[in-house]
Amino acid sequence: MKKFIYLLLLFGALLSGWVQAEEGEKQGPVIASNIEDLKNQVLELNRDLFVLEEELLFSANTQVSVFVSVDADRLFKLDSVQLKIDDKVISNHLYTDREVEALHKGGIQRLYIGNLTSGEHELVAFFIGKGPGGRDYKRATSKVINKSDQAKFVELKIVGDTTKEQPSFEVKVWE
Amino acid sequence: MLVSLCVSASDNKTHEVKDLDYGVSLYNFYQDKYFSAITSLLVAEHYQRMRSGSLYPELMLGGLYLAYGLNDKSAAKLNNLIKDKELSITAEVQANAWYLLGKNYYLNGKNQQAIDALENIQAGLSEEYQEERFYLLNILSVYANNEQAAIKYLDLLADDSVWKGYARFNTASYLIRSKKDIELGYQLLEEISSQEQVTGYEQQTLKNRANLAMGLVSLQDSDSDSAARFFKDISLQSFETNKGLLGLGWSYYRNDNYAEAIKPWMSLATNQKDSDLAIQEALISIPYAFEKMHQKEHALYQYDLALDSYKFQLEETRDLMEFLKTDDFIEQLSPGGMGSEFVPVVHIVENFNPLINRYMLKLIVSKDFHRVVEEYHQARYLRYQLANWQNGLPAMKMILDEKRKTHDQKLTKIVSDDSLEKVADLKRQRDDFYRKIARIEDENNGLALMTNHEKELMGLIENVEKNINILGSMNEEVDLLMNKKRLVYGLLKWRLETEFPERLWLVKKEFGMLDKAINEMARSVQSLKETWSSAPDYFSSFDKRIRHKAEKIEVLKTQAENSVAYYENKLRNMFVNNLKDYRNQLKLYHDRALYSKARLYDSLMARE
């Protein structure tokens, strides 16, 4: 029964446009204008608060952000990432299936935002997941980054090397 | 997903990242987190972080607004993209912008504007969206009662396109209902129903629906044989199966083949876990057929079975009705905690009281329920987000106070530092030095640029001269010394004069460096002073912003609370009304069965 309901839900959504046509209804979601207005206002407020938070807590001269991207087709399925800066664990993330799917489609995850003093810092990232053939896979990559008085953006890239049929792990510093 | 965004990381299999924030937005979008996806883009826009110059982020924002139900904002954004960027926009972005705009108008019931927008697309739309575009134009033409355009767009759809089936069905329904071209309508339905090979649920369901429609039409036309043929072609595990079995029974019944009619109805009647009205209809149809076969005892027995079933269902639905009025029902609408930005409907359904799944299946698979429950979760997420920020603001205020305290402490130290006063003194010295160099240059005074060694040498020469003067012109040796002194002096002077421009240039160069260092220092001091003077404003502006946001959150929280309550009420009413309708139908069947049973009793009594 559960499976049947699931299929109906899935299918009901796929057929939505057609059902409307069949019933000859006026299409489109009818949202009360005050709710639309509320959404709008909360979105603007959310943006302002993110800006406020960033200005207050992560000013450009100390800010460092770390992102994760996957361009490995199906050579690597990410389970978790651990991030260390100067040998101190600053972030751990366990991925859900939806998050992994979003990364594989080209989405980029902001893994960490924090502050660093000017100068050199060592960044180490550990990737745990399933490699080719579904085998357990754990790799680390590191890079020394030089923090200037500009905000620093670091991308941890999981890239598929199709010639070797292996994933590779890179660190790219955005200027 | 209500709206596809026509955007992706790239057309290729590999994704080249051009803008990190665009990627972050995509990451949220692919998880149906529209609120977060929009916020990522708005924050990036604020900081002007999109450096690639690509217009895809703007296109995506327009699409995200649409997906999030902000239709006016979406239309404004897309229109702006099309008009303002007309010169720089690529054909691909333009086509996608028109497409999203058309879809926006379509979803808002602005049909003519939707047609105009979709017809504006020249090139650049991917094949997948092109097919959907033709489908939309087909359906919009149906709404506009323009059968010629509807058929034109139907013909433009590729035969293997999934949209072709929908468009065929819509066009057929329209042509038959409006009686504009019944023959073509039938022909289109036949095309769907006669498909030998169907792949996937969508095509199978379309085929089932077409068969169902053709079967019902044939029944209306009293063509029971054809009707039975169409009903038999409906697959046995689908949403249309029950209606198909019921129709098949009626096809036999119309041909007076009651024994055959009972078979599909019996099959329906044994499926008691389902609450489809077709089953309830079958329950009462079975005894009718037995009556027709003059098997009155059997009929009576079947009426009793039907009555038992109706009574049982009426009791269960009464309990369910009570349940729908409780808070437990509302809780079941929100599995997965408060902070979930996206809650898949299937998770809600899994969490439901089993009676809801049994009696309200039609409602929970309906588009209406999906839309309202999605909006309900959006409202809940807004409320959660506001509460979250409200809890976070005191921490921000604390950090601000801490920063202010640190600043004040540092300020006291810096203000009492003597080195700041030295800057003015250094500037004074620099000015004196500058004047001195200018004078040397004016006077072309090479002697002024002597090195220490040369100065010592000059002193030595002067001493030698003094001593010679004391000795006077006494003999040849003194004259010789005097000549030597003149020679050395001449050499030194010659060197100083010839090297004067080079020495002056070196002095000026060093002066320039000194000047730069002093200016740098002066600038730092100035910046420090500005920081002192602006710090109070800086901190108070943060204070104001935090206070202002806190007030705004308070106002919006009430609105969010009201929205959540509005949707809870709406969902409850949807379920209650749907169940009421079902119960009313059940009562009707119950009364009909009761009446028929009484009638049958009377006839049996009369016979005895």
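Note that the structure is a prediction, hence the values are computed from the model and not measured. Below, all heavy atoms of this structure are taken into account, side chains as well, without hydrogens, waters or symmetry copies.
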Just do the side-chain hydrogen bond (donor to acceptor under 3.5 Å, both in side chains) check on B/Thr39 and B/Ser36 with the steps written out, would you? CA-CA 5 Å; B/Thr39 305; B/Ser36 297; 5.9 Å; no

A/Val173/A/Lys152 under side chain to side chain contact (heavy atoms under 4.5 Å, CB included): CA gap, chis, key distance, verdict:
CA-CA 7 Å; A/Val173 179; A/Lys152 188 69 91 188; 3.5 Å; yes

Using side chain to side chain contact (heavy atoms under 4.5 Å, CB included), reason through A/Lys143 and A/Lys172 one step at a time and then give a plain yes or no. CA-CA 9 Å; A/Lys143 181 147 185 136; A/Lys172 178 182 173 182; over 6 Å; no

I'd like to know whether B/Asn145 forms a side-chain hydrogen bond (donor to acceptor under 3.5 Å, both in side chains) with B/Ser178, so could you lay out the CA-CA distance, the side-chain angles of the two residues, the decisive distance to 0.1 Å, and finally the verdict. CA-CA 9 Å; B/Asn145 278 318; B/Ser178 65; 5.9 Å; no

task: Dump the intermediate steps for side-chain hydrogen bond (donor to acceptor under 3.5 Å, both in side chains) on B/Trp389 and A/Asn46, then the final yes or no.
output: CA-CA 8 Å; B/Trp389 279 118; A/Asn46 202 42; 2.6 Å; yes

For this session: Dump the intermediate steps for side chain to side chain contact (heavy atoms under 4.5 Å, CB included) on A/Lys39 and B/Leu382, then the final yes or no.
Result: CA-CA 7 Å; A/Lys39 281 183 183 177; B/Leu382 293 182; 3.9 Å; yes

One pair to check against side-chain hydrogen bond (donor to acceptor under 3.5 Å, both in side chains): B/Asp21 and B/Ser40. What are the steps and the verdict? CA-CA 6 Å; B/Asp21 291 276; B/Ser40 313; over 6 Å; no

Practice task
Evaluate side chain to side chain contact (heavy atoms under 4.5 Å, CB included) for A/Leu43 paired with A/Arg47, printing each intermediate quantity in order.
Solution key: CA-CA 6 Å; A/Leu43 266 175; A/Arg47 177 202 56 197; over 6 Å; no

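Taking the ring centre of B/Tyr174 as origin, the terminal cationic atom of B/Arg177 falls outside the region bounded by 6.0 Å and 45° from the ring axis.
In this view, B/Tyr376 satisfies the ring-ring contact (aromatic ring centres under 6.0 Å, His included) rule with no residue, not counting sequence neighbours.
Residues of residues 49-66 of chain A that come within less than 4.5 angstrom of chain B, heavy atom to heavy atom, are A/Leu49, A/Phe50, A/Val51, A/Leu52, A/Glu53, A/Glu54, A/Glu55, A/Leu56, A/Leu57, A/Gln63 in numerical order. Taking 4.5 Å as the heavy-atom cut-off, the residues of residues 76-102 of chain A that approach chain B are A/Tyr95, A/Arg98, A/Glu99, A/Ala102, ordered by number. Below 4.5 Å, heavy atoms of chain B meet no heavy atom from residues 123-142 of chain A.
Looking at B/Gln385, only its side chain comes within 4.5 Å of chain A, counting heavy atoms on both sides. For B/Ala167, no part sits under 4.5 Å from any heavy atom of chain A, backbone or side chain. In this structure, no portion of B/Arg383 lies under 4.5 Å from any heavy atom of chain A. Heavy atoms closer than 4.5 Å to chain A are found nowhere in B/Leu136, neither backbone nor side chain. Proximity to chain A is limited to the side chain of B/Leu386, based on heavy atoms less than 4.5 angstrom apart. For B/Leu556, the parts lying near chain A are the backbone and the side chain together; criterion is any non-hydrogen pair under 4.5 Å.
Side chains of B/Asn138 and B/Thr171: a donor-acceptor N/O pair is present below 3.5 angstrom, by distance only. Remark: the B/Tyr68 side chain and the B/Gln378 side chain contain no N/O donor-acceptor pair separated by less than 3.5 Å. A/Glu36 and A/Asn40 form no side-chain donor-acceptor contact under 3.5 Å, judged by distance and modelled atom types alone.
At least one side-chain heavy atom of B/Leu61 sits less than 4.5 Å from a side-chain heavy atom of B/Leu42.
Ring centroids of A/Trp174 and A/Phe153 are separated by 6.0 Å or more, keeping the two rings apart.
Counting heavy-atom neighbours within 6.0 Å of B/Lys362 NZ, excluding the residue itself, gives a total of 12 or less.
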